[in-house]
Structures are given as structure tokens and as C-alpha cells.
Visitor: 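I have a structure I would like to understand better, so I am pasting it below and will then ask my questions one at a time.
Everything numeric in this text was worked out from a predicted model, so none of it was measured. Each chain gets a letter, A, B and so on, in the order the sequences are listed, and its residues count up from 1.
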There are 2 protein chains.
Amino acid sequence: MTLAIEAGLSAGVPTGHPLYKEVKQRITRGLMDGDWRPGEAIPSEAKLAERFQVSVGTVRKAIDELVAEKILLRQQGRGTFVATHTLDRTLFYFFHLVGKDGRKETPGTEMLTFAHGRADAQEATQLGLSRGERVYRIRNLLSLSDEPVVIDDIVIPAQLFPDLSPAVFGTRTGTIYGLYQARYGINVIRIAERLSATLADDSVGQLLGVQAGTPLLSIARLAYTYNDQPVELRHSLVDTTQHEYLSDLVKS
Amino acid sequence: MTLAIEAGLSAGVPTGHPLYKEVKQRITRGLMDGDWRPGEAIPSEAKLAERFQVSVGTVRKAIDELVAEKILLRQQGRGTFVATHTLDRTLFYFFHLVGKDGRKETPGTEMLTFAHGRADAQEATQLGLSRGERVYRIRNLLSLSDEPVVIDDIVIPAQLFPDLSPAVFGTRTGTIYGLYQARYGINVIRIAERLSATLADDSVGQLLGVQAGTPLLSIARLAYTYNDQPVELRHSLVDTTQHEYLSDLVKS
DNA sequence: TTCGATTTGTTCGTATGTATT
DNA sequence: TAATACATACGAACAAATCGA
């Protein structure tokens with residue numbers, strides 16, 4: 001007889017997982033279902049322990065992992081909160097460019113184009129779609145210290161963002177992932193990036209204010225929500241004359 | 001009265017830190033002092049609890065963090081071990097290049113040059129040395145699928161690597177960080193990398209088998225040991241025609 | 001092959017400290 | 001001040017993996 005059954009968590013169905021993994025999954029499901037909105041507190045550890053009929057220590061261990069993944073945020077004396085895509089978080093975890101002096105700066109964003117399209121074979125594979133499914137294609141120009149530095153080409157499944165329009169996208173108040181989260185309930189929790197070096201062509205060079213042939217950093221990003229489901233594909237071209245990409249595996 | 005004093009860990013001296021942080025520091029100090037060599041097991045949790053006069057749970061929490069930082073490695077039923085710089089670990093945590101198909105491959109290394117030198121201003125700053133201190137400069141050519149892909153320029157303080165020579169470096173059996181660890185007791189536990197795009201010049205192009213003017217990925221790496229002490233500076237130039245740099249913030 | 005000792009992994013419960021409201 | 005919530009620390013019991021007798 002497993003402990004999970006004893007505790008009544010999934011009566012009659014052996015899980016094969018430790019109890020705290022089960023608890024973690026149930027909390028994650030609550031997050032996916034929108035039981036608690038971004039910025040809100042989840043129930044206290046004591047209440048969750050009561051609800052799931054496990055000890056507080058087991059709930060803590062489950063939450064520990066979600067906090068380590070930056071999905072939840074603990075604050076002593078206040079509660080445990082669903083992480084929001086604030087500017088600070090974006091800058092810290094999702095924006096990796098720094099000046100050559102090491103300083104990080106908030107980029108200015110200008111939307112250049114917004115188009116409807118169909119996923120090509122590669123995009124479909126990466127986003128887990130069928131080829132030809134409807135997507136939005138958005139091109140942004142990012143500036144640092146009022147100089148253009150990055151061209152971002154975003155591809156997202158139209159299905160996930162029902163009423164997205166240039167107006168909605170352009171008039172957002174916070175970050176792009178903040179928009180996904182607040183308006184569409186899509187919570188980006190992890191990204192993977194593949195970097196290479198390339199050369200600016202004429203059109204790109206014009207946008208970035210560099211000559212054709214200038215070396216650029218090319219970044220292909222895939223953004224994921226819960227359960228490793230990909231939700232956004234983003235290709236960036238970076239002028240690294242004044243800036244660098246920082247890759248720092250942090251410590252606790 | 002603090003708990004640390006009660007427990008006798010640092011009698012009479014208030015730490016201001018939680019007890020488990022104190023325990024973590026003492027284990028870390030043991031690692032720095034070479035009390036337990038890489039690959040060896042540290043004492044069991046019960047023994048450490050006895051030694052430090054704290055509960056097993058407190059020792060576990062200290063070890064938890066060291067495991068999260070990949071300094072220690074736990075194995076149920078066996079013990080807790082000091083992480084070694086095996087090829088697998090290097091490939092997984094310190095080598096970020098993958099083929100365009102996503103596959104990771106063990107690089108072949110060829111030492112091109114080995115020189116004695118003096119730290120310039122920038123190197124001194126980054127390595128925490130005084131300007132003019134003696135350093136070794138080592139240039140390696142890395143190959144993937146028998147094609148040259150990376151030029152590595154390594155700079156390390158001579159003081160930390162007493163009898164290092166081309167022979168010692170060239171006849172090592174394992175990885176470079178494995179050599180640092182096994183022969184000099186220097187344990188690289190973290191790296192930070194700054195990436196930018198650049199162009200191949202004639203000499204570099206010749207080594208990598210590409211034309212001058214080919215875009216290359218430029219990587220400036222700083223490797224750290226305990227207490228964030230920098231120990232190695234490494235500059236890499238990567239031909240990203242067939243390979244990419246993977247930046248993936250992993251999950252638990 | 002079996003069994004027992006050892007070691008880490010999981011879970012429980014309790015008490016107390018510390019920060020917030 | 002009091003209530004609430006997370007943080008730390010302790011101890012105990014059992015599970016699971018490993019290893020050697």
C-alpha cells in the first residue's frame with residue numbers, strides 16, 4: 001500500500017511518485033486552471049496541508065520546487081504568490097543583454113509589423129502545431145539608450161491568443177509575457193535559446209543602423225508554459241557592438 | 001539567545017545566519033581544505049549531525065543547497081559525494097555547443113600553444129590579480145566530427161598552478177577542469193559567459209578553416225571556484241556554421 | 001541468494017523564530 | 001498587540017537503494 005493511498009490523495013490509484021510530487025502536480029494543475037491568478041497568493045501551507053490531507057512539511061517540499069522553478073514566490077509573513085511577469089522579472093530572467101560595462105538596461109520596444117500567417121514545417125514542429133495552422137507574426141525593434149539594438153521576430157499560435165490585434169499588442173502596459181499572462185492566461189515559465197553568429201543583410205542593417213556585413217548575434221528562443229508546452233517562437237538579431245549576451249548559471 | 005549558540009556551533013558568537021547556513025559553510029570549508037577529495041564520499045548525514053551537534057534535518061538542508069549548486073552529489077543508499085569534473089559533467093554543464101540537429105558531441109582538443117605571460121589590466125581585474133602577475137596562456141583548437149570549430153584562449157594565474165607545463169597539460173587524461181581539480185585542488189563550480197558576434201580574421205579563419213570575414217561567436221568565460229573566486233579566463237571563437245550555443249535554464 | 005547494516009529519501013509531527021498586517 | 005504566514009530546527013519512523021558478509 002502506497003503512502004499516497006494511505007493519505008487519500010489518489011485513493012486506489014498507485015502513483016509511483018513520492019507524495020510531495022503529487023502535491024506539486026495538484027498545485028500546478030491549480031495554476032494551469034487559473035485557481036489563483038498571477039500576483040495572487042495561493043492558500044497558506046497549513047490550508048493546503050489540510051486540503052490535501054498531508055503534513056505541512058510535504059506541502060513545503062512541493063512548494064520548494066515550484067519556488068526553485070520561479071513559478072511561485074515566497075514571502076515570509078505574507079504568503080506564497082504566483083509569479084508575475086513584471087518588468088523586473090523579465091529583465092532578470094528573460095532578457096540577457098547587458099552593456100559592455102555589465103550594466104542592464106530596460107529596452108524600449110517599437111512594434112514594426114503585425115501579420116497573420118500560417119506555420120511552416122519548422123515552426124509547426126517547434127511549436128507543436130500542425131503545418132499550416134494560423135499564427136501571428138510580430139516584428140519588434142528594441143532599443144537600448146535610444147539606439148536600435150535588437151530585431152525580434154515573434155511567432156505565436158493564433159489559437160492561443162484569440163483576439164490579439166496590433167492595437168492590443170501595441171497598447172499593452174507591461175511586458176509581452178505579462179500580456180500573455182494577464183490577458184490570455186498563458187504563463188511563460190521557461191525559455192531555451194540557441195545562439196549563433198550571422199551577418200546583417202541590407203534590410204536588417206538599415207533597421208539596426210549598421211552596415212550590411214556587420215556580425216550579429218542570432219538567437220532562436222522557444223518559450224514554454226507548464227508541462228513543457230511551447231507557446232512562443234522568437235528569433236532575435238542583436239547588434240553586439242555595444243552589448244553582450246550574458247549566460248550565468250546562478251547559485252542559491 | 002540564538003539557536004546557533006544554543007547548539008554550540010559557534011559558542012558565544014552570534015552568527016546572524018540560520019544554523020543550516022553555518023553548517024553549509026563548514027562543509028564548504030572542508031571541501032576547500034580538501035578534507036574530502038573529489039569523487040569521495042563526505043561523512044554520512046548522521047555523522048555530520050553528530051559532529052556539528054545539530055539535527056539530521058539541518059544537515060540535510062545544508063547539503064540540499066550544495067547539491068543544488070552541483071558541488072555535491074547524493075546517491076541513495078551509497079552516500080553523498082564530492083562532484084568530479086568527469087567528461088559527462090563537463091559536457092552537460094560547461095560545454096554549451098550542440099549541432100544544428102541538437103545533438104551534443106564530445107569535442108577533440110589539440111593544444112596549439114602554451115606560453116608564460118603577465119596579466120594585463122583587464123585580465124588582472126577579471127581574475128582578481130595585480131597587473132603584471134604571472135599567468136599561463138594556452139591556446140587550444142576544439143574539433144567536432146573531426147572538423148575544427150572552436151579556438152579557446154585560456155588565461156590562468158601561474159601561482160595557482162605551480163608546476164604546470166605543456167607536457168602536464170597535454171598529457172592529461174580527462175577534462176581541463178578535471179586537471180585543475182585532481183592535480184591542483186582547484187574546483188571549478190560555476191562559470192559566467194558573455195557572448196557577442198565578431199568576424200574571423202585571416203589567422204583565425206585559417207585555423208577554423210573558414211574565410212576571413214566569416215561571422216563567429218565570441219565567448220568570454222570566467223570560471224569560479226568556492227566563494228566566487230575567479231580562477232580561469234577563457235576566450236572562445238566559435239564557427240557556428242554547423243553548431244549552436246545552447247542556453248537552457250533547467251528545471252528540477 | 002539471502003540477510004543485515006548503512007545511507008539517503010520521504011513523511012509525519014511539534015515547537016519556536018521572524019516578518020507582515 | 002494579536003493573528004497570520006512563512007522559516008528554522010528538532011526528532012522519529014519507515015521506505016528504498018546499496019553493499020558486503
Visitor: Is there a donor-acceptor pair under 3.5 Å between the side chain of A:Arg221 and the backbone N or O of A:Phe94?
Guide: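 Such a contact is found between A:Arg221 side chain and A:Phe94 backbone.
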Visitor: Measuring centre to centre across the rings, with the benzene-like ring taken for any Trp, is B:His85 within less than 6.0 Å of B:Tyr180?
Guide: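 No.
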Visitor: Enumerate the protein-to-nucleotides 3-7 of chain D contacts in which both atoms are nitrogen or oxygen and the separation is below 3.5 Å.
Guide:
{"unit_1": "D:dC6", "atom_1": "OP1", "unit_2": "A:Thr80", "atom_2": "N", "d": "3.4"}
{"unit_1": "D:dC6", "atom_1": "OP1", "unit_2": "A:Thr80", "atom_2": "OG1", "d": "3.3"}
{"unit_1": "D:dC6", "atom_1": "OP2", "unit_2": "A:Glu45", "atom_2": "N", "d": "2.9"}
{"unit_1": "D:dA7", "atom_1": "OP2", "unit_2": "A:Arg60", "atom_2": "NH1", "d": "3.1"}
{"unit_1": "D:dA7", "atom_1": "OP2", "unit_2": "A:Arg60", "atom_2": "NH2", "d": "2.9"}
{"unit_1": "D:dA7", "atom_1": "OP2", "unit_2": "A:Arg74", "atom_2": "NE", "d": "3.0"}

Visitor: Compare all side-chain heavy atoms of A:Thr28 with those of A:Glu69 and state whether any distance is below 4.5 angstrom.
Guide: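 A:Thr28 vs A:Glu69: side chains apart.
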Visitor: For the pair made of CD in B:Glu22 and P in D:dC10, what is the distance, rounded to whole Å?
Guide: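 Rounded to the whole Å, the gap is 13 Å.
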Visitor: Looking only at side-chain N and O atoms, does B:Thr58 come under 4.0 Å of OP1 or OP2 in D:dC10?
Guide: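 The answer is yes; a side-chain N or O of B:Thr58 sits under 4.0 Å from OP1 or OP2.
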Visitor: Give the rounded distance in Å between these two atoms: NZ of B:Lys24 and C1' of D:dA9.
Guide: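 In whole Å, D:dA9 C1' lies 18 Å from B:Lys24 NZ.
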Visitor: NZ of A:Lys21 versus C1' of C:dT10: gap in Å, rounded?
Guide: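 Answer to the nearest Å: 12 Å.
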Visitor: Would you list the pairs meeting salt bridge (Lys or Arg N to Asp or Glu O under 4.0 Å) in which at least one residue belongs to residues 32-43 of chain B, sequence neighbours left out?
Guide: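 As it turns out, there is no salt bridge (Lys or Arg N to Asp or Glu O under 4.0 Å) pair with a partner in residues 32-43 of chain B once direct neighbours are skipped.
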Visitor: To the nearest Å, how far apart are A:Leu19 CG and D:dA15 P?
Guide: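 For the pair A:Leu19 CG and D:dA15 P, the rounded distance is 14 Å.
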Visitor: Could you pull out all residues at least two apart from B:Arg60 that satisfy side chain to side chain contact (heavy atoms under 4.5 Å, CB included)?
Guide: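 If we apply the side chain to side chain contact (heavy atoms under 4.5 Å, CB included) test to B:Arg60, skipping adjacent residues, the hits are B:Glu45, B:Val56, B:Arg74.
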Visitor: Grab the NE2-C1' distance between A:His17 and D:dA16 for me, whole Å please.
Guide: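 To the nearest whole Å, that distance equals 16 Å.
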Visitor: Can you check the B:Ile63 CD1 to D:dT8 P distance for me, whole Å?
Guide: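 Distance, rounded to whole Å: 17 Å.
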Visitor: Determine which nucleotide pairs with C:dA5, using a 3.5 Å limit on both distances of a Watson-Crick or G-U wobble pair.
Guide: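 Looking at the geometry, C:dA5 pairs with D:dT18.
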Visitor: Step through it carefully: locate the ring centre of B:Phe161, locate the ring centre of B:Tyr136, and say whether they are under 6.0 Å apart.
Guide: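 Judged by ring-centre distance (under 6.0 Å), B:Phe161 and B:Tyr136 do not meet the cut-off.
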